[in-house]
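Here the structure is a predicted model, which means the values were calculated and not measured. Order of the sequence lines sets the chain letters (A, B, ...), proteins ahead of strands, with each chain counted from 1.
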Amino acid sequence: MDIKQTLTKDISSAFSALFSTGLEAKDMAIQPTRREFNGSHTLVCFPLARLSKKGPEQTAEALGSYLKENSSLVKAYNVVKGFLNLELTNETWLKVFRSIISTDDYGQLPTSGKEMMVEYSSPNTNKPLHLGHLRNNFLGWSVAEILQATGHKVHKVQIINDRGIHICKSMVAWLRYGEGETPASSGKKGDKLVGDYYVMFDQHYREEIAELEAGGMKKEVAEKEAPILKEAQALLLKWEQKDPEIYKLWEQMNQWVYAGFEATYEQMGVDFDKLYYESDTYLLGKDEVLKGVEEGVFYKKEDGSVWVDLTDEGLDQKLLLRADGTSVYMTQDIGTAILRFRDFPGISRQIYTVGNEQEYHFKVLFIILEKLGYSWAKECYHLSYGMVDLPSGKMKSREGIVVDADDLMQEMMDTAEEHTKELGKIEGLSDDQATHLYYNLGLGALKYFLLKVDPKKRMLFDPNESIQFQGHTGPFIQYTHARISAILRKSSQLGIEPSLDSTEGLELHPTERDIINTMNDFESKIKEAAESYSPDVIGQYVYDLAKEYNRFYQEVSIFNEENELALRFRVALSAVTARIIKKAMGLLGINVPDRM
RNA sequence: GGUUCCGUAGCUCAACUGGAUAGAGCAACUGCCUUCUAAGCAGUAGGUUGAAGGUUCGAGUCCUUCCGGAAUCACCA
């Protein structure tokens with residue numbers, strides 16, 4: 001049953017009975033009662049005064065007294081200024097709890113019939129994944145899970161930016177300086193190896209610019225004329241012409257990167273239903289752009305480059321094809337979007353999980369798609385999230401100021417191991433179990449840290465202040481689950497059934513009511529998280545639930561309880577709490593252990 | 001310079017979309033393990049929500065101006 005809905009109905013009829021005028025749900029502000037007052041639900045009566053033609057306090061008083069007499073939910077009320085605080089009956093809470101416990105897979109909403117696509121990750125293949133990618137992957141993956149929980153069919157995809165000038169830079173450096181190095185020959189992870197050459201390219205590029213400048217060339221010219229850059233551009237051209245040798249090298253280096261990425265994804269615990277490769281989609285994009293030229297949507301300059309004029313939309317002119325005919329980022333994104341809607345004609349939403357530095361890009365992309373006549377363009381949504389900053393500012397992969405994803409995950413696991421051993425909690429665990437636990441705790445701490453913040457906001461990561469395992473963290477919530485698991489183990493040993501066959505005369509403890517109240521919010525929180533694409537809503541929610549459970553755990557004894565009914569109820573309450581924690585954390589991609 | 005976003009406790013983040021005395025965690029301090037896991041619980045202290053105006057019963061939230069910061073405006077991705 002839905003408390004709020006029933007309450008709304010009761011208030012509405014109370015209002016018309018008392019003031020002989022209707023009150024609609026949208027005019028009612030029901031909010032949680034603040035901790036310092038009695039009650040669980042609060043009706044804000046200031047806006048009602050206008051309709052009741054009484055003062056807010058009198059209105060609240062009249063409503064409260066009427067509800068107490070006539071609503072089956074309301075046990076007591078109190079009025080503080082214009083706020084009507086309502087206390088609900090035990091039976092109401094038990095009813096709510098009974099309905100939750102008997103709902104299979106509570107937190108999974110009925111199917112909506114809608115189909116959506118979520119893109120995330122989408123790295124370039126010229127450098128390894130870093131902390132920013134972790135936020136991206138965890139966010140996109142979690143949003144996909146949350147959408148699934150609200151009943152949508154979801155496709156998780158990514159576009160692998162496997163072609164373009166960036167990968168050519170790594171290739172040039174490898175050709176020049178690599179001496180045939182391979183992951184096998186050097187023992188380096190493939191993505192790391194290719195990334196090293198990207199950095200190397202940049203170093204030599206800078207050196208060449210400096211040399212040219214020393215020779216009297218202007219900086220801007222030097223930046224364009226540096227031989228190593230010219231080489232990279234030539235390579236890109238050759239690649240687009242499918243030069244066999246270049247193509248082979250390109251495939252080779254990408255394979256190294258993919259192998260490296262795969263290991264990283266595995267560790268991150270993210271997956272994809274379908275991969276798109278830029279090398280497969282850019283030609284389609286190119287065709288579309290050329291078609292657009294014929295239709296007069298785009299225009300060609302004298303040098304052969306293709307542009308779109310968006311000055312009518314208050315934007316600029318934007319390049320779609322270079323003078324030498326090679327594609328830019330926008331070109332392939334046009335192709336990719338079209339291909340996706342061809343592959344999945346049923347999708348009603350295409351979500352791009354990409355950093356907010358690309359807001360302009362997506363604005364332009366969506367306008368272009370609309371100009372090209374695709375009606376689904378309006379279903380495209382840029383899930384724009386804030387950057388992860390270091391104390392020194394923005395991460396710069398070219399300058400090596402990055403937090404590497406693999407390293408960070410490893411550090412988290414090491415820290416988890418340290419903490420666990422310090423606390424003496426590895427007794428009775430096999431090596432395998434222990435390793436597994438460190439993984440779950442380390443990744444749990446990391447994921448929770450990155451997901452608990454509103455995605456739209458920029459966030460700070462200080463590598464020197466390692467991620468906590470206490471307080472508002474993943475491990476705190478995991479710990480709560482492990483605690484409950486211990487209780488459930490014991491209760492099953494004792495043969496206690498968590499049943500609710502009879503709850504006659506069962507008086508709930510305030511902490512128990514709080515827990516049920518919070519449990520009752522779960523599904524609306526999932527909806528809220530889905531509508532705003534914000535896993536942090538779930539993160540905050542599950543933290544609150546764990547916090548409330550721990551309060552209960554501290555104040556109320558389970559196995560010393562003499563009343564059989566109360567004992568069984570508490571075991572049941574614990575079991576359901578654990579279930580919700582597991583489900584909610586699962587939506588964030590975090591595993592919860594049974595012991596820790 | 002144009003556009004967009006942000007500014008909340010020493011630090012990292014919340015605040016139910018305009019509602020009560022702005023909440024958590026970390027750091028600091030005080031209690032609580034002979035009792036279901038102390039990675040926990042309870043408490044103390046910490047704030048003129050960047051500043052000034054305005055809108056109204058009521059503003060961290062909406063409007064205006066100012067200050068400070070970020071992103072973007074590429075034949076980069």
Side-chain angles (χ1 to χ4, degrees), chain A residues 29-37 42 44-47 49-50 55-56 80-83 85 122 124 126 161 164-166 224 233 278 301 303-307 314-316 318-324 326 328-330 332-333 355-361 363 384 386-387 389 393-394 416 419-420 422-423 425 441 445 449 452-454 456-462 465 468-473 475-480 482-491 521 524-525 528 532 536-537 540 543-544 546-547 550-561 570-571 574 595-596:
Chain A
I30 298 175
Q31 55 184 0
T33 305
R34 295 183 74 103
R35 216 160 253 297
E36 61 262 39
F37 303 110
T42 293
V44 185
C45 293
F46 298 97
R50 193 171 40 87
V80 182
K81 293 196 258 178
F83 297 91
N85 302 320
S122 306
N124 294 337
N126 61 330
N161 300 298
I165 191 72
H166 50 90
K224 288 185 178 171
Q233 286 166 340
E278 187 178 332
K301 279 193 183 172
D303 64 1
S305 57
V306 176
W307 296 73
L315 302 172
D316 235 323
K318 189 87 187 169
L319 176 86
L320 300 178
L321 278 179
R322 294 190 185 100
D324 65 4
T326 57
V328 290
Y329 187 44
M330 190 62 80
Q332 65 91 7
D333 257 357
N356 60 13
E357 54 191 355
Q358 293 192 34
E359 272 171 9
Y360 184 76
H361 171 80
K363 213 170 171 180
S384 164
M387 299 286 102
D389 283 335
K394 214 182 154 181
H419 280 293
T420 306
E422 235 168 65
L423 293 166
K425 299 220 178 186
L441 294 179
F449 179 85
K452 78 171 176 184
V453 181
D454 182 343
K456 291 191 289 295
K457 292 190 177 165
R458 197 159 63 94
M459 68 181 294
L460 185 78
F461 176 80
D462 188 343
E465 277 178 41
Q468 302 284 332
F469 283 68
Q470 277 149 16
H472 191 176
T473 65
F476 166 81
I477 300 162
Q478 291 171 313
Y479 174 73
T480 309
R483 260 186 161 176
I484 297 174
S485 299
I487 284 175
L488 298 180
R489 278 194 297 273
K490 183 163 174 181
S491 72
D521 286 339
S524 72
K525 289 290 177 184
E528 189 189 329
S532 55
D536 62 304
V537 171
Q540 189 65 44
Y543 172 72
D544 288 341
K547 188 92 186 147
N550 279 309
R551 199 173 288 135
F552 157 77
Y553 181 95
Q554 181 72 26
E555 288 185 30
V556 178
S557 172
I558 294 178
F559 294 111
N560 291 334
E561 176 60 52
R570 285 172 194 164
V571 172
S574 301
R595 55 185 90 216
M596 64 185 272

Main-chain N/O of A:N126 paired with A:N124 side-chain donor or acceptor, under 3.5 Å: no
Pick base, sugar-phosphate or nothing for A:L460, based on heavy-atom distances below 4.0 Å to the nucleic acid. sugar-phosphate
Out of B:rA20, B:rU4, B:rA39, which nucleotide sits closest to the side chain of A:E359? B:rU4
Roughly how many Å is it from NZ in A:K363 to C1' in B:rC73, rounded to a whole number? 11 Å
A:R322 side chain, from C-beta outward: closest of B:rC76, B:rG69, B:rA22: B:rC76
When the nearest nucleotide of RNA chain B is assigned to A:M330 and to A:I30 on a heavy-atom basis, which residue is associated with the more 5' position? A:I30
Taking only the C1' atom of each, what is the distance from B:rU8 to B:rG47 in whole angstrom? 8 Å
Which nucleotide in the set B:rU37, B:rA39, B:rA77 lies at the smallest distance from any side-chain heavy atom of A:V328? B:rA77
Between A:F83 and A:Y479, which is nearer to the 5' end of RNA chain B once each is assigned its nearest nucleotide? A:F83
Taking side chain to side chain contact (heavy atoms under 4.5 Å, CB included) as the definition, give me every residue that meets it alongside A:K425, ordered by chain and number, with sequence neighbours left out. A:T420, A:L423, A:Y479
Within the 4.0 Å heavy-atom criterion, would you say A:F449 contacts the bases, only the backbone, or no part of the nucleic acid? nothing
Nucleotide nearest A:R551 when distance is taken to its side chain, options B:rA39, B:rC41, B:rU72: B:rC41
Donor-acceptor pair, side chain of A:N161 and main chain of A:S122, under 3.5 angstrom: yes
At 4.0 Å (heavy atoms only), tell me whether A:I487 reaches a base, stays on the sugar-phosphate, or touches nothing. sugar-phosphate
Where the side chain of A:I165 is defined as all heavy atoms beyond and including C-beta, which of B:rA77, B:rG69, B:rC36 is the nearest nucleotide? B:rA77
Ring centres under 6.0 Å, that's the criterion: do A:F469 and A:F476 meet it? no
Can a donor-acceptor pair under 3.5 Å be found between the side-chain atoms of A:T420 and the base atoms of B:rA39? yes
If you measure from the C1' atom in B:rG69 to the same atom in B:rU55, how many Å do you get, rounded? 28 Å
Which of these nucleotides, B:rC73, B:rA71, B:rU37, is closest to any side-chain atom of A:R489? B:rU37
Tell me whether the OP1 or OP2 atom of B:rA39 has a side-chain N or O from A:K425 closer than 4.0 Å. yes
For the side chain of A:R34, counting heavy atoms from C-beta on, which of B:rG23, B:rC73, B:rG19 is nearest? B:rG23
So does A:K81 get a side-chain nitrogen or oxygen closer than 4.0 Å to the phosphate oxygens (OP1/OP2) of B:rU21? yes
Go through the N and O atoms of the side chain of A:T42 and the base of B:rA20, and report whether any donor-acceptor pair is under 3.5 Å. yes
How far, in whole Å, is B:rU21 from B:rU35 if one measures between their P atoms? 44 Å
Checking A:K301 against A:W307: charged group under 6.0 Å from the ring centre and within 45 degrees of the axis? yes
Without decimals, in angstroms, what is the distance between A:Q31 CD and B:rU17 P? 8 Å
Steps toward side chain to side chain contact (heavy atoms under 4.5 Å, CB included) verdict (A:V306, A:L319): CA-CA 6 Å; A:V306 176; A:L319 176 86; over 6 Å; no
Does the pair A:D389/A:R458 count as a salt bridge with the N-to-O cut at 4.0 Å? yes
Dot-bracket for RNA chain B, please, read 5' to 3', with Watson-Crick or G-U wobble pairs under 3.5 Å on both distances, ( ) within the strand, [ ] crossing, | other strand, . unpaired. (((((((..((((.....[...)))).(((((.......))))).....(((((..]....))))))))))))....
Quick check for you: among B:rC16, B:rA77, B:rA38, whose closest atom lies nearest to any side-chain atom of A:Q358? B:rA77
Stacking here means centres under 5.5 Å and planes under 30°; does A:F46 stack on B:rG58? no
To the nearest 0.5 Å, what is the distance between OG on A:S532 and NZ on A:K456? 6.5 Å
Which nucleotide sits closest to the side chain of A:R483: B:rC36, B:rA38, B:rA14? B:rA38
Between B:rG50 and B:rU3 - P atom distance, rounded Å: 23 Å
Residues at least two apart in sequence or cross-chain that pass ring pair (Phe, Tyr, Trp, His ring centres under 6.0 Å) with A:H472, listed by chain then number, are A:Y448, A:Y543
Against the side chain of A:H472, the closest entry in B:rA20, B:rG69, B:rG25 is B:rG25
With rounding to whole Å, what would you report as the distance between B:rU4 and B:rG46 at their C1' atoms? 35 Å
Mark yes or no for a side-chain to base donor-acceptor pair under 3.5 Å between A:N85 and B:rA20, with no hydrogen or angle criteria applied. yes
